[in-house]
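So you know, we letter chains A, B, ... as the sequences are listed, proteins then strands, and number each from 1.
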There are 2 protein chains.
Amino acid sequence: MKHDDVEGRGDLGVVDALAQLSFVVQGVLGQIAAEHELSIIQTRLLGVLRDRSPGMNELARYLGLDKSSITGLVDRAESRGLVRRKPSSKDGRAIVVSITAAGRKLAQRLASEFKQRMTTLVGPLQPAEQRALSELASRILIHEAAGRGVDLMTAST
Amino acid sequence: MKHDDVEGRGDLGVVDALAQLSFVVQGVLGQIAAEHELSIIQTRLLGVLRDRSPGMNELARYLGLDKSSITGLVDRAESRGLVRRKPSSKDGRAIVVSITAAGRKLAQRLASEFKQRMTTLVGPLQPAEQRALSELASRILIHEAAGRGVDLMTAST
DNA sequence: TATTGTTATACTCTATAACTATA
DNA sequence: TATAGTTATAGAGTATAACAATA
């Protein structure tokens, strides 16, 4: 007998709903990536490189991984022709990682398939409800990003 | 110049907002799990076992993994004293996996820390907005689950 | 000395295929 | 034969620590 059972029938409560929804969304992403023999992290790598050519260290910060993990990640993507390493012209120690034409093409394809699947997922909601959902989720994200010192609306991640 | 730029300023659009939110939520979950030296999959394992004692095969279906992957997963949880294997009394080939008292305690702790962090995350929204978000997310989940032949409101996953 | 990137190593997670024991 | 579970093997992803080259 939950004393705080204020949710109407069919409602999971914010915490559970967002948790479960995150698994569903990640599942969609993982499935689409897998259809192209990619992992989620490889997909994120391509996403980051779509509008940037960072060094390994910088890449590690973007992805929240140790730089030693980036080495293997980039190795595998490079051996598939999706990204490329080039020595930095400014710093003899550094290298610059960039996406190849093939990598960009694949990234675009993944993005479009993801968008389509997500559109289907939110299909049961009316357009106005989708906008409301978008707005609420965005507000959470903006606050969360601000809490980490990032301006979501400016950062192009 | 996007022709479909109908979103007000500060809005990412449903697809991007849900995608990014899923990474944030998974990040919270992963961080809390890591604070207790657990992975997300180990945490899910404990979650599943909170109200069930399935066989290995059944567990594989719940977690969406191959049964051979379950062996190692359960091995590691068992060696930490979080779960236990018992031979099935009905089927000589089968075993039954159940959570231990220590496992249950840890699972409860994880759940409570997760709830707290998530509550903070949605804190910027007014209570009524949180309810609206919960309702919209739940509707998506119910449809998605129904599409897989599962009744979310009855299934105790 | 500090920083950039790689290597060596170890562990978790995952799948496929082959195997054992029971049904 | 079919099913439950494990083992063998391989590979991705991750971290820590040690290292080389450059700043």
Side-chain angles (χ1 to χ4, degrees), chain A residues 23 26-27 29-31 33-49 52-80 82-98, chain B residues 23 26-27 29-49 52-98:
Chain A
F23 277 107
Q26 292 282 306
L29 187 54
Q31 198 176 318
E35 284 165 12
H36 296 274
E37 334 263 8
L38 282 180
S39 62
I40 288 187
I41 186 65
Q42 288 285 342
T43 303
R44 282 182 66 203
L45 171 63
L46 295 184
V48 166
L49 296 180
R52 196 161 19 241
S53 295
M56 298 294 274
N57 243 318
E58 212 177 334
L59 211 38
R61 282 194 301 274
Y62 275 121
L63 297 175
L65 299 174
D66 189 88
K67 62 191 164 114
S68 67
S69 303
I70 303 297
T71 299
L73 217 53
V74 170
D75 280 351
R76 291 183 286 275
E78 193 174 25
S79 74
R80 290 181 57 178
L82 303 176
V83 310
R84 126 181 24 91
R85 277 177 170 98
K86 279 185 300 190
S88 164
S89 49
K90 316 191 168 183
D91 186 333
R93 300 167 297 180
I95 68 170
V96 166
V97 184
S98 54
Chain B
F23 277 107
Q26 292 282 308
L29 188 53
Q31 199 177 317
I32 288 172
E35 283 164 13
H36 296 274
E37 336 262 9
L38 281 181
S39 62
I40 288 187
I41 186 65
Q42 287 284 341
T43 303
R44 282 183 65 203
L45 171 63
L46 295 185
V48 166
L49 295 179
R52 242 175 311 270
S53 294
M56 298 294 273
N57 244 315
E58 212 176 334
L59 211 38
R61 281 194 302 274
Y62 275 120
L63 297 174
L65 298 174
D66 189 88
K67 62 192 167 115
S68 67
S69 303
I70 303 296
T71 299
L73 217 53
V74 169
D75 280 351
R76 291 182 288 274
E78 193 174 26
S79 72
R80 290 182 55 178
L82 303 176
V83 309
R84 130 181 19 93
R85 277 176 169 100
K86 279 185 300 189
S88 164
S89 49
K90 314 189 168 183
D91 186 333
R93 301 167 298 180
I95 68 169
V96 165
V97 184
S98 54

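- Regarding A:L59, its CG atom lies at a distance of 19 Å from the P atom of C:dT3, rounded to whole Å.
- Summarising the geometry, the separation between CD1 on B:I41 and P on C:dC11 is reported as 21 Å, rounded to the nearest angstrom.
- Here the C1' atom of nucleotide C:dT12 and the CZ atom of B:R44 are 16 Å apart, to the nearest Å.
- Looking at A:L73 and A:L63, their side chains come closer than 4.5 Å, going by heavy atoms from C-beta outward.
- Taking atom CD1 of residue A:I40 and atom C1' of nucleotide C:dT14, one finds them 14 Å apart after rounding to whole Å.
- Bounding nucleotides for the chain B contact on DNA chain D, 5' to 3', at a heavy-atom distance below 4.0 Å, are D:dA2 to D:dT7.
- In terms of polar N and O atoms assigned as donor or acceptor, the side chain of B:S68 never comes within less than 3.5 Å of the base of C:dT14 in a complementary pairing.
- Comparing B:D66 and A:S39 by the nucleotide of DNA chain D whose heavy atom lies nearest to each, the residue mapping closer to the 5' end is B:D66.
- Atoms CD1 (B:I70) and C1' (C:dA15) sit 12 Å apart, rounded to a whole Å.
- Comparing B:D91 and A:K90, the nucleotide of DNA chain D nearest to each residue sits closer to the 5' end for B:D91.
- Look at NZ on B:K67: it is 10 Å from C1' on C:dA18, rounded to the nearest Å.
- Summarising the geometry, the separation between CG on B:D75 and P on C:dT12 is reported as 11 Å, rounded to the nearest angstrom.
- Side chain of A:E78 to main chain of A:R85: a donor-acceptor pair is present (N/O by atom type, distance under 3.5 Å, no hydrogens or angles).
- Taking the side chain as every heavy atom from C-beta outward, A:I70 and A:V97 never approach each other to under 4.5 Å.
- Among the protein residues, A:G72 comes within range of no part of the nucleic acid, since none of its heavy atoms lies under 4.0 Å from any strand.
- Two residues are said to be in side-chain contact when any heavy atoms from C-beta on lie closer than 4.5 Å; A:E37 and A:R80 meet this criterion.
- Summarising the geometry, the separation between CZ on A:R76 and P on C:dT6 is reported as 13 Å, rounded to the nearest angstrom.
- Atom CZ of B:R52 sits about 4.0 Å away from atom OH of B:Y62, to the nearest 0.5 Å.
- Looking at heavy atoms from C-beta onward, A:L59 lies in side-chain contact with A:L49 at the 4.5 angstrom threshold.
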Exercise. Quick one: do A:I41 and A:L45 satisfy side chain to side chain contact (heavy atoms under 4.5 Å, CB included)? Show the steps, please.
Key: CA-CA 6 Å; A:I41 186 65; A:L45 171 63; 5.8 Å; no

